[in-house]
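Here is the structure we will look at, set down as structure tokens.
Residues take their numbers from the sequence shown, with the count starting at 1. We count ligands from 1, going down the list as the structure has it; atoms in each ligand are counted the same way. Small disclaimer: the values here were computed from a predicted structure and weren't measured.
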Amino acid sequence: MQSTADVAILGAGPAAIAAACALRRLGHSVVLVGRSRTAAVEGMSERTLTLLRQNGLEAAARTVRGAVERTGTWAGEAVAGGAEYIVDRAELDAALLTDAHCAAVSIRAERALGYQSRGALWTVRTESGELHCQTLIDARGRRAQRPVRRGPELIAICQRFRLQDANCSFTRLEATAHGWCWLAVHRGMGWLQVMTSRKAPSLRLGLRQHLAAFLAQTPQMAALLCGALPLGEPVARAATATLSAELRRCGAQRLGDAAAALDPLSGQGVYEALRGAHIATAAAHTYLRTRQWEPIGQFLSERMSELWERRNATAALHYQRQAQRTPTEFWSVAAAQYPALDPAHARASEATSLAWRPVLNGMCIEQRRVLVTPRFPRGVWQLEDVDLPELIELLNTTGGDIACASRHLSRPPQMVVRAVQWLRAQGLRVAPDAPPPAAGNGIGAPI
Ligand SMILES: Cc1cc2nc3c(=O)[nH]c(=O)nc-3n(C[C@H](O)[C@H](O)[C@H](O)COP(=O)(O)OP(=O)(O)OC[C@H]3O[C@@H](n4cnc5c(N)ncnc54)[C@H](O)[C@@H]3O)c2cc1C
């Protein structure tokens, strides 16, 4: 069994396997240490399915069922109709391992017990021994976290069912006075997920009784499950949104739920795990080439803070809407907790300026000059293929001459015009019909 590798990846979920396959495709030796164990059914959007395919995770994509009709009520209003895919996580995770095999990832189907750095190398302790690597990705899910921020304390109790109508397929979301629930049905097989506070009194009665008590609050959901046969025992899943402490150590990073586990209401956990895998791949690839961790660590840290704030802001809106309709303890506490996590969105006051920041360029993380705006506090360095700081400077020095900027940047004038329109939409006074911003306000000033 391989005991040294360029990259060790801990975990066997979507984040770990997407990163492992991508790093293999870039030519790195990869050892994945993980055993999958998620027994659940989850919903997926079209864009998550697209990402699975774009990551070459074809076996995994084939396990996705649907799309099925999505309905429900939230804050007393019908949930905007649409479609949702359904995935059985045991099937998905088994297929992910098939994809990893096909990508020639070396797999150790065992638990990782811990890791530490020794000089320039990392040592991973596993159930069967040690593994040495140059860079490490911890993608062991939410349980591997050391949380520093927490959303409302939530727990999901889930039950599988067989419905009487073997042909029906749909998903439904319902908010009640004391929580929310999601039912996914595909060809008569159902999965009910009931989300409440971890302190809900009915939990003390036992999981079955808790489900029954919850269904009594939602006649629509109870009617859909009328005559359905429960299969197996209910299971509990920790569901509190949590942000982990950063590793802050050269060459090691957390990925997916191990970095930030989002509120399941977002339904985008797998999507963010796959998107994060792309960034983690670029980070490991860049580190193996440059041996410089500082810009990579800064990039990962800023991106994670932004993701956490953005997703919590969305969750806060949903919880606040429902809290206005049913101001019970559950909704009031949840609605108050999310905004409190990111007080006043401190960074939103960031002034518009040019700055050097680490950015993702293809599969490399590198320092670039970026345009920082209140809306884009991490900065934007290019639009389509136009370097924005360079464009701003050209517009400054030529009095807003688009043709001249187009020639200097070797980009078609239409592309430059679109970039200029975008800059103006951000509130920047740039060409064509506005004077260039004065030097000294940050824009166009020498960097
Ligand atoms: C109740 C609930 C409902 C959700 N519903 C949805 C939904 O509908 N749609 C959606 O997109 N997302 C949903 N999510 C979120 C989604 O499950 C996660 O965001 C996603 O699975 C994250 O992927 P990951 O690879 O980071 O972690 P995981 O999928 O958790 O994978 C971690 C892997 O690491 C393995 N592992 C753990 N410890 C060790 C160890 N010591 N050594 C080796 N391996 C280890 C685990 O067995 C697992 O295979 C939900 C989450 C919850 C809690």
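Remark: minimum distance from atom 15 (C) of ligand 1 to any protein heavy atom is reached at G269 CA, 3.9 Å. The single protein non-hydrogen atom nearest to atom 41 (N) of ligand 1 is A112 O, 3.0 Å, given as residue, atom name and distance. Here the protein heavy atom with the shortest distance to atom 18 (C) of ligand 1 is D257 OD2, 3.2 Å. The shortest contact between atom 44 (N) of ligand 1 and any protein heavy atom is with G34 CA, 3.5 Å. Looking from atom 2 (C) of ligand 1 to the surrounding protein, the closest heavy atom is R237 NH1, 3.3 Å. When only non-hydrogen protein atoms are considered, atom 40 (C) of ligand 1 lies nearest to R140 CD, 3.5 Å. Of the protein's non-hydrogen atoms, the one nearest atom 30 (O) of ligand 1 is G141 CA, 3.7 Å. Distance from atom 31 (O) of ligand 1 to its nearest protein heavy atom, with residue and atom name: G13 CA, 3.5 Å.
Note: W74 and W182 fail the aromatic proximity criterion, with ring centroids not under 6.0 Å apart. Ring to ring, W122 and Y287 are not that close: their centroids are 6.0 angstrom or more apart.
Distances below 4.0 Å separate heavy atoms of P264 from the following atoms of ligand 1: 2 (C), 3 (C), 4 (C), 52 (C). The atoms of ligand 1 that sit less than 4.0 Å from any heavy atom of A156 are 1 (C). For ligand 1, the atoms lying closer than 4.0 Å to a non-hydrogen atom of G256 are 26 (O). Near V33, the atoms of ligand 1 lying under 4.0 angstrom from a non-hydrogen atom of the residue are 43 (C), 44 (N). Residue E110 has at least one heavy-atom neighbour below 4.0 Å for each of these atoms of ligand 1: 43 (C). Within ligand 1, counting atoms from 1 as listed, the ones closer than 4.0 Å to a heavy atom of A12 are 33 (C), 34 (O), 35 (C), 49 (O). Ligand-side atoms of ligand 1 in range of A15: 24 (P), 25 (O), 26 (O), range being under 4.0 angstrom from any heavy atom.
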Please test E127 against R35 for salt bridge (charged side-chain N to carboxylate O under 4.0 Å, His left out), starting from the C-alpha separation and ending with a verdict.
-> CA-CA 12 Å; E127 288 171 312; R35 233 187 340 231; 3.4 Å; yes

Carefully, step by step, assess V41 and R160 under the rule side-chain contact (heavy atoms from CB on, under 4.5 Å).
-> CA-CA 9 Å; V41 172; R160 209 179 276 273; 4.0 Å; yes

Should D88 and H186 be marked as a side-chain contact (heavy atoms from CB on, under 4.5 Å) after you check the CA-CA gap, both sets of side-chain angles, and the distance that decides it?
-> CA-CA 10 Å; D88 186 313; H186 188 259; over 6 Å; no

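Around the CZ atom of R249, the shell of radius 6.0 Å holds more than 12 heavy atoms that belong to other residues, nucleotides or ligands. For R291, the CZ atom counts as densely surrounded, since its 6.0 Å shell holds more than 12 non-hydrogen atoms of other residues, nucleotides or ligands.
Using 4.0 Å as the threshold, R143 has no heavy atom nearer than that to any atom of ligand 1. Using a non-hydrogen distance threshold of 4.0 Å, A139 registers as a contact of ligand 1. Taking a 4.0 Å cut-off on heavy atoms, A238 registers as neighbouring ligand 1. The shortest heavy-atom distance from M44 to ligand 1 is not under 4.0 Å. Residue contacts with ligand 1 leave out L10, since none of its heavy atoms falls under 4.0 Å from the ligand.
Of all non-hydrogen atoms in P14 and L274, the two that sit nearest each other are O-CD2, 3.9 Å. For the residue pair S197 and I155, the shortest heavy atom distance occurs at O-CG2, 3.9 Å.
Judged by the 6.0 Å distance and 45° axis criteria, R311 is not positioned over the aromatic ring of Y338.
A donor-acceptor contact closer than 3.5 angstrom is absent between the side chains of E309 and S305. With hydrogens and angles left out, the side-chain atoms of Q217 and T176 include a donor and acceptor closer than 3.5 Å. With hydrogens and angles left out, the side-chain atoms of E174 and T73 include a donor and acceptor closer than 3.5 Å. Defined by atom type and a distance below 3.5 Å, a donor-acceptor pair is present between the side-chain atoms of R254 and S244.
Nearest residue to atom 6 (C) of ligand 1 from R89, Q268, E42, R35 is E42 (criterion: closest heavy atom).
Proximity of L215 to L192: side-chain heavy atoms (C-beta onward) are separated by under 4.5 Å at one or more points.
Under 4.0 Å from ligand 1, not a single heavy atom of L262 appears. The parts of S36 lying near ligand 1 are both backbone and side chain, judged by heavy-atom distances below 4.0 Å.
An N or O contact shorter than 3.5 Å is missing between A258 and ligand 1 by distance. The distance criterion of under 3.5 Å between nitrogen or oxygen atoms is met by G43 with respect to ligand 1. Considering backbone and side-chain atoms together, Y271 places no N or O closer than 3.5 Å to any N or O of ligand 1.
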